2 protein chains.
Amino acid sequence: MPTSKDVALAAGVAQSTVSYVLSGKRPISDETRKKVEAAIEQLTYHPNAGARALASRRTRVIGLVIPFIPELHMASLMEFVSCIASTARQHDHDILLVTEDEGADGLRRVVGQQICDGLILMQVAGEDERLPVARALKVPVVLIGIPRDPSGLVCIDADFELAGQMAVHDLAAAGHSTIGVIAWQPEVVERQVNYVDRFVRGTNQAAKELGVKLIHVVGGTDVGTISRSVDEVLGRTTGQPAFIAPEGIVQEILLRALSARGLTPGTNVSVIGSASPALAELQPVPLSTIDLRPREVSRRAVQIICSLLESGSEGPHESLELVPPTITHRSSVIRPAKAKAS
Amino acid sequence: MPTSKDVALAAGVAQSTVSYVLSGKRPISDETRKKVEAAIEQLTYHPNAGARALASRRTRVIGLVIPFIPELHMASLMEFVSCIASTARQHDHDILLVTEDEGADGLRRVVGQQICDGLILMQVAGEDERLPVARALKVPVVLIGIPRDPSGLVCIDADFELAGQMAVHDLAAAGHSTIGVIAWQPEVVERQVNYVDRFVRGTNQAAKELGVKLIHVVGGTDVGTISRSVDEVLGRTTGQPAFIAPEGIVQEILLRALSARGLTPGTNVSVIGSASPALAELQPVPLSTIDLRPREVSRRAVQIICSLLESGSEGPHESLELVPPTITHRSSVIRPAKAKAS
DNA sequence: ACTCTTTCTCGATGCGTATCGACGAAGCGT
DNA sequence: ACGCTTCGTCGATACGCATCGAGAAAGAGT
């Protein structure tokens with residue numbers, strides 16, 4: 001492996017000059033720069049990350065802390081991971097995977113060993129054992145998800161409350177006066193991820209404003225539970241039934257349950273789901289969905305941590321950012337008779 | 001952050017002694033060791049990864065190269081990632097995420113910068129642009145998946161050929177003389193991941209041995225395609241129909257299509273799928289499945305690369321390891337009338 | 001011709017660790 | 001008592017880079 005000394009030798013300059021060409025922290029004449037760049041090219045020189053970290057006290061690596069909970073929807077998790085990794089690269093950083101096998105000690109380890117300059121915590125629960133550690137660490141930490149007590153922490157998440165409002169508004173505008181809201185699967189609810197509450201709060205608030213009746217029923221990944229939930233909503237609905245299913249898997253099973261009851265989205269039942277656009281299009285009836293924009297959340301998480309790293313801020317920061325969701329109308333919501341005059 | 005010098009000072013020894021206590025590469029008296037360990041504990045000392053890498057030319061980091069292809073089943077990918085990360089930690093290594101945004105240059109970069117000691121390549125296709133790079137790199141590389149030309153490479157994968165054989169054997173033993181084999185979704189087939197071929201080869205071989213007729217039909221993620229495939233198989237089957245669906249999503253849709261035709265697995269149709277055990281149990285009729293053991297494949301991949309790293313082998317190695325799948329009988333295969341004498 | 005900038009480059013140093021050679025202290029046999 | 005090995009520790013050095021202070025060169029102003 002060539003070193004910056006080799007490059008310097010080949011270019012006929014001092015090692016420090018090579019370093020300055022690379023960092024741009026001192027003016028370099030065009031002539032010298034070109035010689036150095038040519039040598040770098042020719043030797044396929046890559047600066048040694050370890051030496052760089054040692055000298056600059058910066059690793060340009062961000063630790064990504066993921067609890068692998070089998071129940072949670074892995075596919076969407078992967079979307080976060082993928083987008084975080086890409087964005088990090090755009091900021092010239094790499095991503096180190098930190099699994100939860102080690103628990104909170106894992107965080108202390110990677111920071112203590114100075115493998116990472118900062119951390120992104122995914123799947124943050126309401127009460128999370130990682131939080132005290134996150135607060136105590138001397139490096140920037142960004143949470144994806146909002147814990148019960150976000151004080152002293154930098155958080156970002158989708159705006160679930162707004163999402164709930166938007167869904168109710170949309171169905172109310174379509175003429176529904178009763179709306180079934182199917183909750184997340186119990187495993188999620190138990191984990192105290194408070195986005196469930198935030199979503200529910202949003203729906204309730206909108207319902208109150210609009211004078212709409214909400215029926216909150218339990219979710220799950222098994223057909224039986226969802227069937228019971230559906231029947232409960234149907235039994236208490238007068239007029240056209242409407243459903244909101246904010247979670248991917250639950251929504252999937254809901255659609256099957258409706259189909260089994262002869263209900264077709266967009267025709268005699270309205271459904272707002274939360275699948276990815278691709279999946280929403282694939283449904284027999286293209287599904288109107290709320291997009292919580294996981295990619296945008298991921299992108300912002302990386303941007304925030306990178307700006308914290310740039311500013312070299314020592315003290316603990318505190319901020320809370322919510323990414324507004326978007327709603328996409330496809331064909332699964334019953335179009336109200338266009339004319340008011342019937 | 002305390003350094004080994006601080007520890008040495010606190011313990012009243014030389015810095016090098018601290019280093020030897022940690023590495024165990026030279027004998028240390030019990031008395032000294034205890035003093036040093038106490039100092040380490042008290043200062044919560046963690047050796048600096050950069051300095052360590054610089055001095056030892058070992059980062060103890062493994063690069064994990066994942067192509068994020070939206071079509072592929074992200075959930076199962078995550079299972080690999082999770083298991084690889086855990087196993088790596090058991091070997092005292094960390095995992096760096098390398099996305100394919102950078103293409104093959106990404107591999108050169110992380111190796112050139114010496115961020116990683118070695119690489120694991122996931123989702124290796126038949127012809128993969130990463131292969132020439134992998135062969136040229138001076139660090140150990142382990143592929144998960146078998147490319148068309150595995151020469152000069154270290155590969156590991158599930159034994160798809162054996163899986164195909166086992167599935168056919170199993171259905172033949174249950175009395176089926178005609179079996180429908182539903183392929184992977186076209187996106188996978190197009191990617192030339194040759195496990196599709198290997199699986200098919202396995203089924204064909206077993207069918208030939210056993211005198212069973214196979215009907216190979218296309219797979220997909222949309223109901224229409226699968227419906228047509230199912231109908232083709234049904235039309236050409238005499239006696240009880242049987243299906244093999246080696247891919248998770250395809251299998252899911254197959255089950256729906258069968259149910260829509262009044263066919264119930266284990267009663268008037270046999271199905272062997274490939275879902276995770278948890279998901280297989282969740283089905284209305286618990287699904288008999290072939291488990292390709294992704295966790296075992298992951299585990300072995302890490303073990304292999306770690307042993308290559310230990311041995312410090314320079315030259316390019318070559319090996320090919322296949323993890324035998326297991327078959328789990330649940331209730332989705334029709335039990336043949338027990339007695340031979342009818 | 002002189003000093004005073006400005007622009008560019010060089011040499012030296014330090015980051016925190018692993019590792020090598022060396023050295024004193026024991027323990028052994030003769 | 002002598003050399004000889006083994007054990008346990010220390011000091012010095014190198015790893016590859018970033019960074020600081022200094023200095024050479026070139027131009028600007030008097």
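Owing to the predicted nature of the structure, the values given are computational and were not obtained by experimental measurement. Below, chain A is the first sequence line, B the second, and so on; all start at residue 1.
Between A:Lys34 atom NZ and C:dC8 atom P the separation is 13 Å, expressed in whole Å. Rounded to an integer number of Å, the gap from CZ of B:Arg33 to C1' of D:dC7 is 13 Å. Rounded to whole angstrom, the span from the CZ atom of B:Arg26 across to the C1' atom of D:dC7 amounts to 11 Å. Between the CG atom of A:Asp30 and the P atom of C:dT7 there is a distance of 14 Å, given to the nearest Å. For the pair B:Lys25 NZ and D:dC7 P, the interatomic distance rounds to 19 Å; values are reported in whole Å. Remark: C1' of C:dC15 and NZ of B:Lys5 are 10 Å apart, rounded to the nearest angstrom. At whole-Å resolution of the value, CD in A:Gln114 and C1' in C:dG16 are 9 Å apart. Taking atom CD of residue A:Glu31 and atom C1' of nucleotide D:dA26, one finds them 14 Å apart after rounding to whole Å.
With respect to B:Glu37 and B:Lys34, no salt bridge is recorded, no charged nitrogen being found less than 4.0 Å from a carboxylate O.
A 4.5 Å side-chain heavy-atom check between A:Cys83 and A:Glu296 finds every atom pair outside the cut-off. Contact annotation: the side chain of A:Leu153 approaches that of A:Pro147 to within less than 4.5 Å [non-hydrogen atoms, C-beta and beyond].
Only B:Gln15, B:Ser16, listed by number, bring a heavy atom of residues 7-18 of chain B to less than 4.0 angstrom from any atom of DNA chain C. Contacts between residues 47-59 of chain B and DNA chain D, defined by a heavy-atom separation under 4.0 Å, are made by B:Leu54, B:Ala55, B:Arg57.
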| task | Dump the intermediate steps for side chain to side chain contact (heavy atoms under 4.5 Å, CB included) on A:Leu22 and A:Tyr45, then the final yes or no. | result | CA-CA 11 Å; A:Leu22 250 33; A:Tyr45 165 73; 3.7 Å; yes
| Criterion side chain to side chain contact (heavy atoms under 4.5 Å, CB included) on B:Met1 and B:Asn48, from CA distance to verdict | CA-CA 9 Å; B:Met1 293 282 179; B:Asn48 179 294; over 6 Å; no
| Please walk me through it: do A:Val81 and A:Ile95 pass side chain to side chain contact (heavy atoms under 4.5 Å, CB included)? | CA-CA 9 Å; A:Val81 173; A:Ile95 293 294; over 6 Å; no
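With A:Ile305 as the partner, the side-chain contact (heavy atoms from CB on, under 4.5 Å) test is satisfied by one option alone out of A:Ile156, A:Ile84, A:Val141, A:Ile62: A:Ile62.
Between the side chain of B:Thr59 and the main chain of B:Ile115, a donor-acceptor pair closer than 3.5 Å is present. Side chain of A:Arg299 to backbone of A:Thr87: no donor-acceptor contact under 3.5 angstrom is found.
When the side-chain nitrogen and oxygen atoms of B:Thr3 are compared with OP1 and OP2 of C:dG16, none of them lie within a distance under 4.0 Å.
Looking at B:Tyr20, its side chain has no donor and acceptor atom pair within 3.5 Å of the base of D:dC7.
At the heavy-atom level, A:Ile28 lies under 4.0 Å from the strands shown only through sugar-phosphate atoms. B:Ser29 comes within 4.0 angstrom of the backbone, heavy atoms only, and of no base.
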